[in-house]
Structure formats: C-alpha cells, structure tokens
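Heavy-atom basis, side chains included; hydrogens, waters and symmetry copies ignored. Below, chains carry the letters A, B, ... as their sequence lines are ordered, and counting in each starts from 1.
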Protein chains: 2
Amino acid sequence: MAQAEGAEKSGSRAENREETERAILDAAEVVFAQSGFGGATMQAIADRARLPKANLHYYFASKEKLYRQVVERIFTIWLEAAASFDTEAEPEAALRRYIQRKMQVSREQRHGSKVWANEVMHGAPIIQDYLESALKSWTDSRIAVINRWIAEGRVRPLDPRWLLYMIWATTQHYADFAHQIETLNAGPLSDAQWAEATETVCGIILRGIGLEPADGLA
Amino acid sequence: MAQAEGAEKSGSRAENREETERAILDAAEVVFAQSGFGGATMQAIADRARLPKANLHYYFASKEKLYRQVVERIFTIWLEAAASFDTEAEPEAALRRYIQRKMQVSREQRHGSKVWANEVMHGAPIIQDYLESALKSWTDSRIAVINRWIAEGRVRPLDPRWLLYMIWATTQHYADFAHQIETLNAGPLSDAQWAEATETVCGIILRGIGLEPADGLA
DNA sequence: AACAGACCTGACCAACCAGTCAAGTTTAAA
DNA sequence: TTTAAACTTGACTGGTTGGTCAGGTCTGTT
C-alpha cells in the first residue's frame, strides 16, 4: 500500500493522477488562503493532502507552479460566475442573477476567493495577463450593456464601473472577511442569513441604480 | 555620522527615537502590504527604512511585535474614521459622511488598509480581541441607530448589518483591489474619478436604503 | 573632562524551507 | 513473466531568514 488518500479506490492510472493532483490543489488552496504565498510551506500543504512533501514536487515542479495552478483554477470559477451576467436579460434580472451567483461563490469557494484577493492585493504578479485580457474584455462588454440601459432610461445615469466594483467588493467581502463577519455574528451565517444578506444586497443595489425590484424570492 | 534618515535633523533623544520608530513602521507597513506577513523579510523592511537590519531589532524585538504595532496603528485610523459615523446626525448626512471618510482612508492609507485586510483574511490571529471588543461595540451601536431610523420610517426595513458590510466592503475595495482597478483604468484614478466614485457609491447606497439624496457636492 | 547609558551595526548562527535524489515499489503492457 | 515506465518517499542540501551579540559611537549629565 502506498496510496494517497485514506480511502482511495484504485482507479486507472490517469484517474489516480487526476485525483491526487486535485487533492494537492485543494490542500494548497486552503493553505495559501490561510497563510499567503510567502507564509505557506510545502510541508504544510503536504500534511494537509496527507502526502510526503517529495510527492508534491513530483506533481508540481515548484511552489510557484503549484500556486499558479491554484490561482488559475479560481479564475475559471470567476469566469463561470461572470458568465451569469446575461447581457440579453432585463437589467433587474441580469444584475440580480449575477449578484446571487457571486454571493454563492463567496460562500462555497471561500478559500479560493481569498487566494484571488491575496493575489490581486499583492499586485497580481501571477495573473496580471488575465486582468488585462479576460477581465478587461468582460468588464468592457458589461459596461457597454449598462450604458445601453442608461441610454434607454432604464437605469439612473452613472459610470458603470463604480457599480461593478461595488458588486465585486460586496460579494467578495463575504468570503474575504468571513472571519470578521463570523466574529460579529458569533458563528457562521445560517442559510437564512445568507439568503437575507443576498436579498438585501440585491435590494440596495437595484434600488440604488433606479430600479424597483420585485421580491427576488424566486 | 550614524543617523538613520539621510536628512535627519538632530532633535532631542526622544524626538529621534520617535522619528526612527515611525520610519520603521512606515516601511514595515508597505512591505507587509506588498508581501504579507510570511512573505515580508526584516531585510526588506530595513532596506526600505534605510537602516541596518540589526537596528530594527533594537527598536522592535521581533518581526511579530513589529507587525503587531503596524496593525495596531491601522486600527487607530480605522477607529477615527468610524467616529465620523455621527449617531446624532440625520441618516443621509451621517452615512454620506462616513462613506466619504472611508473612501478617503482607502485612498490615503492604501498600504494600511491592505495590511488590515490581510490580517482579517488570515483569521485575525493578532487582532481578534479588537474585533470582539472595539469593533463589536461600535457595530452594535450603529446597528441600533440604523434600526431607530427604520422604526421612524426614515429608512427602508433591512438588517443594518448587511448595509454596514456593504459600506466596509465597497470602500475598502478601492484600497485592497487598487491594482485591479488601476489595471482596468490604465492608471491611477484621478481626483475627479475618486470624487465621482465616492458620489456614485453614496448615491447607490442612500437610494438603495430608501433615502432621496440631494447631490453631495458640499 | 569623565562617565553612563542610549544608540548603532557588521558579523555571525541556528532554524527552517524549497527543492533534489537515489533507491525503492507499483502498474500496465508486451 | 518480463520489462519499462510511472509513481513513491526518506534522507539530504544549499540558500535564506529571524534573531543575537560584541564592540563600537554618540549624547546628555555631573
């Protein structure tokens, strides 16, 4: 016996490899989120993945390459959430769906969100190119849509950028500052609290830009 | 010659000490913001403060003690900004002033804000007690005020916590994610852009909670 | 002037960490 | 069954880092 996970089934070569890589990435995500890139140690990641440290280097050549993969995996999730901003939909529906999705990501991908925040906060040394390409073009397209809504008189005049930043900030806050929120709340937010927070955020933003939202309890 | 700063005047003993300590704290704030606690090195801080590394240890016993002082200094600034939420003022004025002040802090204390965000993101190992005492009581008092406004029918019914988190998140975002914002903006925000962003944030939030703000160009 | 204590700093060290490697074991294909 | 490649891992290493310290300089006081 020399399997990685305690309860690892012996699948095919490729399956096992994939599984081990995912286990390492999962562990790395948590450790990087907790300690930052500089504070994280390969040993800590190895311990969390229940693998010898040398094994990590068999799958990922260096700490930086491992970190890069973690960040890229997060970016994929970010992109998927971004896609839920439907440029064809009505303003209210599009924004509400996008905010709800981002709140959900903050709840389910807390560690990933933190890694992303850390990376950007430290000047995005790894993912600068993503910011300049994928993020930029996504943002530009959404700015155009919101400007169209404004031109049509459906949304109060404003620079869409400040609105997007506000949505990013607010939703991401629930992941990045989860510890602070949970300290003030004396424990993790309940399902009901998450729903209420999401609804309140939607309500403030939609009303704030001049829409009259119906209750979003679909 | 053995002075710290290139252009240091020979003041009194106490003055010089204070000046050197501040120079170290300033340097440490920047380096901790850029690299996180784990990624920062005493050597990097020393270089930035233009002092030999051993000198840092003369003034601050350990890296952790230095970090602690940096964080405590930030918390003081946070408290000062928090005080601008005037519980006596009208809802619109109180919130507008508070948001404006927080936006200003984000602009002027970018590094400090990042250190704070980092600390909280990593579970607030150093300042947990502040969160539980000062932050908690400040928050409770403001929640009470907002609830009073709601009871008086001046603000749309909502849980004040989600509103406060939204304000914290949005304003802090301009410091923590400055790099992302500046990438999308192809450069730092101008004075006019800061003013516009601030006004837009105020507008969305105030309208979002049911107030009809007059233009805040005081 | 003489002294004590505050202040400064180059050189050093022990601990730690990313990354390597050689000697294995397991797997799958021939 | 044989064989080669994929995988595993304990032990090791070179470089870095937080922290120390001895020997010096400066400053205010008597």
Side-chain angles (χ1 to χ4, degrees), chain A residues 1-25 27-29 31-32 34-71 125-126, chain B residues 1-25 27-29 31-32 34-71 125-126:
Chain A
M1 72 131 260
Q3 289 295 4
E5 290 291 272
E8 184 137 345
K9 325 277 187 309
S10 281
S12 76
R13 213 83 191 234
E15 276 168 358
N16 278 354
R17 180 172 193 112
E18 210 170 327
E19 203 165 334
T20 305
E21 282 179 355
R22 198 167 46 73
I24 295 172
L25 286 170
E29 187 174 292
V31 174
F32 282 134
Q34 277 175 353
S35 312
F37 180 80
T41 68
M42 292 298 271
Q43 189 60 61
I45 296 170
D47 289 349
R48 189 159 237 285
R50 300 200 199 197
L51 289 170
K53 180 166 72 87
N55 215 320
L56 264 61
H57 281 99
Y58 178 76
Y59 287 98
F60 299 91
S62 68
K63 185 183 177 185
E64 195 182 309
K65 288 224 174 79
L66 172 55
Y67 176 72
R68 193 182 291 268
Q69 296 245 343
V70 170
V71 173
I126 302 290
Chain B
M1 72 128 260
Q3 289 296 4
E5 291 289 272
E8 184 138 344
K9 325 276 186 309
S10 280
S12 75
R13 214 83 193 232
E15 277 168 356
N16 279 353
R17 180 171 192 114
E18 209 169 328
E19 203 165 333
T20 305
E21 281 179 356
R22 197 168 47 73
I24 294 172
L25 285 170
E29 187 174 294
V31 174
F32 282 134
Q34 278 173 353
S35 312
F37 179 79
T41 69
M42 293 298 271
Q43 189 60 60
I45 296 170
D47 289 348
R48 189 158 235 284
R50 301 202 199 196
L51 289 171
K53 180 166 72 87
N55 213 321
L56 264 62
H57 280 99
Y58 178 74
Y59 287 97
F60 299 91
S62 68
K63 185 184 178 184
E64 194 181 311
K65 288 225 174 76
L66 172 55
Y67 175 73
R68 193 182 290 267
Q69 296 246 343
V70 169
V71 172
I126 303 290

Would you mind reading off the distance between B/L51 atom CG and C/dC7 atom P, rounded to a whole angstrom? 13 Å
With the side chain counted from C-beta on, respond yes when A/I45 and A/F32 share a heavy-atom pair under 4.5 Å apart, and no when they do not. yes
List the residues meeting side chain to side chain donor-acceptor pair (under 3.5 Å) with A/R17, not counting sequence neighbours, and say none if there are none. A/E21
Round to a whole Å and report the spacing from CG of A/N16 to C1' of C/dT25. 15 Å
Is any side-chain N or O of A/Y58 closer than 4.0 Å to OP1 or OP2 of D/dT8? no
Where do N or O atoms of nucleotides 17-20 of chain C meet protein N or O atoms at under 3.5 Å, pair by pair?
unit_1: C/dA18; atom_1: OP1; unit_2: A/A40; atom_2: O; d: 3.3
unit_1: C/dA18; atom_1: OP1; unit_2: A/M42; atom_2: N; d: 3.4
unit_1: C/dA18; atom_1: OP1; unit_2: A/K63; atom_2: NZ; d: 3.4
unit_1: C/dA18; atom_1: OP2; unit_2: A/M42; atom_2: N; d: 3.0
unit_1: C/dA18; atom_1: N7; unit_2: A/K53; atom_2: NZ; d: 3.2
unit_1: C/dG19; atom_1: OP2; unit_2: A/K63; atom_2: N; d: 2.5
unit_1: C/dG19; atom_1: N7; unit_2: A/K53; atom_2: NZ; d: 2.8
unit_1: C/dG19; atom_1: O6; unit_2: A/K53; atom_2: NZ; d: 2.7

To the nearest Å, give me how far apart CD (A/E19) and P (D/dC7) are. 14 Å
Nearest-Å distance, CD1 (B/I45) to P (D/dG19)? 10 Å
Closer than 4.0 Å, any side-chain N/O of A/R17 to the OP1 or OP2 of D/dA6? no
Solution key, residues 54-63 of chain A side-chain donor-acceptor pairs under 3.5 Å, sequence neighbours excluded:
unit_1: A/S62; atom_1: OG; unit_2: A/K65; atom_2: N; d: 3.1
unit_1: A/K63; atom_1: NZ; unit_2: A/F37; atom_2: O; d: 2.8
unit_1: A/K63; atom_1: NZ; unit_2: A/A40; atom_2: O; d: 2.8

How close or far is atom P of D/dT9 from atom CG of A/N55, stated in whole angstroms? 6 Å
B/L56 has an atom CG; how far is it from atom C1' of C/dC7, in whole Å? 14 Å
Under 4.0 Å between a Lys/Arg side-chain N and an Asp/Glu carboxylate O for A/R68 and A/E64? yes
Would you mind reading off the distance between B/E15 atom CD and C/dA6 atom C1', rounded to a whole angstrom? 16 Å
Pairs satisfying side chain to side chain donor-acceptor pair (under 3.5 Å), at least one member in residues 35-47 of chain B, at least two apart: B/Q43-B/D47
Taking side-chain contact (heavy atoms from CB on, under 4.5 Å) as the definition, give me every residue that meets it alongside A/Q34, ordered by chain and number, with sequence neighbours left out. A/V30
Determine the contact category for B/Y59: base if any of its heavy atoms lies under 4.0 Å from a base atom, sugar-phosphate if only primed atoms, P, OP1 or OP2 are that close, otherwise nothing. sugar-phosphate
